[in-house]
2 protein chains.
Amino acid sequence: MGVVDRHPGGRPTLEQVARRAGVGRGTVSRVINGSPRVSDRTRTAVLRAVTELGYVPNRAARALAAGSTDAIALVVPEPETRLFAEPYFSGVLRGVSSELADTDMQLLLTLVRDQRERDRLAQFVAARRVDGVLLVSVHHDDPLPDLLERYDMPAVLNGRRSGAESVPYVDSDNSGGAALAVAHLAARGRRTIATITGPLDMYVAQCRLEGYRDALRAAGHRPADTLVAHGDFTERGGHRAMRELLARAPALDAVFCASDLMAAGARAALREADRKVPDDVALVGFDDSAMARQMDPPLTTVRQPIEEMGRTMARVLLDQIRERSAERPHVVLPTELVRRGSA
Amino acid sequence: MGVVDRHPGGRPTLEQVARRAGVGRGTVSRVINGSPRVSDRTRTAVLRAVTELGYVPNRAARALAAGSTDAIALVVPEPETRLFAEPYFSGVLRGVSSELADTDMQLLLTLVRDQRERDRLAQFVAARRVDGVLLVSVHHDDPLPDLLERYDMPAVLNGRRSGAESVPYVDSDNSGGAALAVAHLAARGRRTIATITGPLDMYVAQCRLEGYRDALRAAGHRPADTLVAHGDFTERGGHRAMRELLARAPALDAVFCASDLMAAGARAALREADRKVPDDVALVGFDDSAMARQMDPPLTTVRQPIEEMGRTMARVLLDQIRERSAERPHVVLPTELVRRGSA
DNA sequence: ATCACACATGGGAGCGCTCCCAACCCGGTT
DNA sequence: AACCGGGTTGGGAGCGCTCCCATGTGTGAT
């Protein structure tokens, strides 16, 4: 440790470092912040003083003087936390954090549960208490992105609200992933491939449905509305939708579910209807959530590069913060099919 | 919103509020911070000015002047994140965040993966860039708590390193929970109850083993070493341990696993050995993780009041910060048995 | 009416830093 | 020899707040 054994309270200041190095405050500041306009001799001397004193810049003072906070917020609408379930959120978090590790940005976590907390966040943004915002899992009608834009606060979304999203975002290739899944089913000789969609007011659900249709057409099948049932990304919804499909199209031999959770519900419904998975009906999910591996048989599913998404989000946001003029990138990361027993 | 529509950059300051209210800076400060030494008339006037201008205190300035940061850090050792899996972490997070919601403390998230990040955290603490630290899932040999103590940084642990933990902590009743599980098995007439422990260098694993033994004795059984196999809280470890048990004690008719993950592994081993759950062998886990509900049959398990733990941790930490002299509480929250199909 | 005292209030000093301008130094020009 | 320009350096000003002391202001006791 070494660097840190100073008595609490007696933390050295810029001034003291300057005195010890026999230079002025400005020079120390320049060294600390890596300005090139410092001679090597001076720089060395300053750095030695810094080490000797165990100097660590006072962030509050810096923030006050420079008007920046060196912090970004990761905003998570609460309902989503529950829904998107575990691995997703913590994966993103891991990615973000790892990308931030060698910046000295700090990560501020904000769960937004209700209107009150929403207001607090708005105030937070207005007060510019962070340099940027990462927004996880936005809803199509979420006012937050607009708020951020209005306040000219650098922001990056995880996912997008629509095909015409203006705020920079990092998304995974939902339609591509769905297509992968359905193509796989078709390639395995499945003839009647149904789908259980998410709530279609969410763009991600639209994309997955679109991918399903594309792949169907590409494989020479004809998409039929009877084969499309609507779920809401929940287990119960998947169960209901599966029963609906079974009633409408008893001959189906494959189902692509737009989420693993719905696949779990569907699986239960199939069991109740005495259909074997995968012999009678092949099943594919989406998300590669923890439960996929636990299902019986283990669920074939589509995996998103979650951690990579987190990393990318952080990277894009840092760029935005560094130069406000930077282009506002829209990144779509590829998904992959994870083959397990259910298809 | 109202409160916040000020042009970015033109954020009003204390000074401006003071001018508008026709009072001095000190008075405004007093009102903002709820000092009682202000007349009602003045207070009202100030508050009106605050609202009219949409004033929000500048945190950096406040931190600089007052020497406090109004932020606490939630520190998560990375390996644990993966291990302790999803619902645990996000549950704690939810609890902490909800408790913080009407404070205006902000929550800083710090994943600590490697030595470098560990050092950075040490520096962080030394620099007093937070007012307190919440430490999730400490290891018995974790140096962090000692570091925090040395720097006189208020801290609360989630779990404890040993029975003689000195740092304030919030834990769940692990031995009690284990005892609950085992008592349930005994009450259902199981005769030969085995256990798969966690790594015994973790206090939590010791507690669960102890609870197992206590309950066994209480039910009139005699604990036998042949019925104890050691896992490492992973699925694979659970699998291995179950095979070991099956070899050593083929007649066993129940297993208490110190984690759901290990129970999943054990369940697979039982399937391979053609033992039916729960008919041949009853299975109980610990954690009530997401997968418990997904298992076949659904896993009977012990639930910890995770969110409540998070809330309590935050509350205790805030107390510590408010008055450093406060007693250093050790809180143990009760666990409960969740009965599902596996036992 | 006078004094003492409590309470309310204004505003200077200073927290530790960045920004920026003026001063300085040096070698090369004219 | 006087001058110039670039690179380096010192330090004043100020970021927005809290702390605290000095200054009012009004009340009740004398």
Side-chain angles (χ1 to χ4, degrees), chain A residues 6 8-47 49-50 53-71 104 123-124 126-129 131, chain B residues 6 8-47 49-50 53-71 104 106 123 126-129 131:
Chain A
R6 198 126 302 285
R11 308 191 36 62
T13 70
L14 236 209
E15 184 81 45
Q16 290 170 36
V17 174
R19 255 204 302 278
R20 173 152 196 141
V23 301
R25 261 184 10 263
T27 304
V28 178
S29 176
R30 255 162 256 145
V31 172
I32 298 292
N33 296 300
S35 153
R37 324 175 85 28
V38 180
S39 72
D40 283 350
R41 247 169 53 78
T42 311
R43 185 191 314 280
T44 314
V46 170
L47 288 179
V50 165
L53 293 174
Y55 170 73
V56 184
N58 178 320
R59 189 175 284 249
R62 181 178 269 183
L64 178 57
S68 74
T69 63
D70 283 358
D104 70 342
Q123 228 184 43
F124 211 82
R128 301 205 91 68
R129 290 218 297 234
D131 291 344
Chain B
R6 195 126 306 282
R11 313 205 36 263
T13 69
L14 236 208
E15 183 81 46
Q16 291 171 36
V17 174
R19 256 204 303 278
R20 173 149 198 145
V23 300
R25 263 186 5 266
T27 304
V28 178
S29 176
R30 254 162 256 142
V31 172
I32 298 292
N33 296 299
S35 154
R37 322 177 86 30
V38 180
S39 71
D40 284 349
R41 247 170 53 78
T42 311
R43 187 190 315 281
T44 314
V46 169
L47 288 178
V50 165
L53 294 175
Y55 170 73
V56 183
N58 178 320
R59 191 176 282 251
R62 180 179 271 185
L64 179 58
S68 75
T69 63
D70 283 358
D104 71 342
Q106 39 189 52
Q123 227 182 46
R128 302 204 89 71
R129 291 217 298 233
D131 291 345

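Chain A is the first sequence line, chain B the second, and so forth, proteins listed ahead of strands; every chain is numbered from 1. Remember, predicted model here, so these are calculated numbers, not experimental data.
Regarding B:Asp104, its CG atom lies at a distance of 13 Å from the P atom of D:dC17, rounded to whole Å. In this structure, the CZ atom of A:Arg129 is 15 Å from the P atom of D:dG16, given to the nearest Å. Going from atom OH of B:Tyr55 over to atom P of D:dG16 covers 10 Å, rounded to whole Å. The CZ-P distance, from B:Arg19 to C:dG11, rounds to 11 Å in whole Å. Put simply, CG on A:Asn33 is 17 Å from P on C:dG16, counting in whole angstrom units. C:dG16 atom C1' lies 18 Å from atom CZ of B:Arg62, rounded to whole Å. One interatomic measurement links the two molecules: CG of A:Leu14 to P of D:dG10, which rounds to 13 Å at whole-angstrom precision. Between the CG atom of A:Leu64 and the C1' atom of D:dG14 there is a distance of 9 Å, given to the nearest Å.
Side-chain to base pairing of B:Arg59 with D:dG16: no donor and acceptor N or O lie closer than 3.5 Å to each other. A:Arg30 contributes a side-chain N or O that forms a donor-acceptor pair with the base of D:dG10 under 3.5 Å.
Along DNA chain C, the nucleotide closest to B:Ala65 and the one closest to B:Val28 are compared, and the more 5′ of them pairs with B:Val28.
In this structure, the side chain of B:Arg43 engages the main chain of B:Val38 through a donor-acceptor pair within 3.5 Å. Looking only at distances, a side-chain donor or acceptor of B:Arg11 sits under 3.5 Å from a matching main-chain atom of A:Ala126.
Close to C:dG11, at under 4.0 Å from its OP1 or OP2, lies no side-chain N or O of B:Arg25. A close approach under 4.0 Å does occur between a side-chain nitrogen or oxygen of A:Thr27 and OP1 or OP2 of D:dG10. Residue A:Ser29 places no side-chain N or O under 4.0 Å from the OP1 or OP2 atom of C:dC17. For B:Asn58, no side-chain nitrogen or oxygen approaches OP1 or OP2 of D:dC15 to under 4.0 Å.
Counting heavy atoms from C-beta outward, B:Ile32 and B:Arg62 have side chains that approach closer than 4.5 Å. Using a 4.5 Å heavy-atom cutoff, the side chains of A:Leu14 and A:Tyr55 are in contact. No side-chain heavy atom of B:Thr69 sits less than 4.5 Å from a side-chain heavy atom of A:Arg59. Looking at B:Thr42 and B:Arg30, their side chains never come closer than 4.5 Å, going by heavy atoms from C-beta outward.
Heavy-atom minimum distance, B:Val23 versus B:Val28: CG2-CG2, 3.7 Å.
Contact check of residues 34-42 of chain A against DNA chain D (heavy atom, cut-off under 4.0 Å) returns A:Arg37, A:Val38, A:Ser39, A:Thr42.
Residue B:Thr13 has its side chain nearest to D:dC17 when only C:dG10, D:dC17, D:dT18 are considered.
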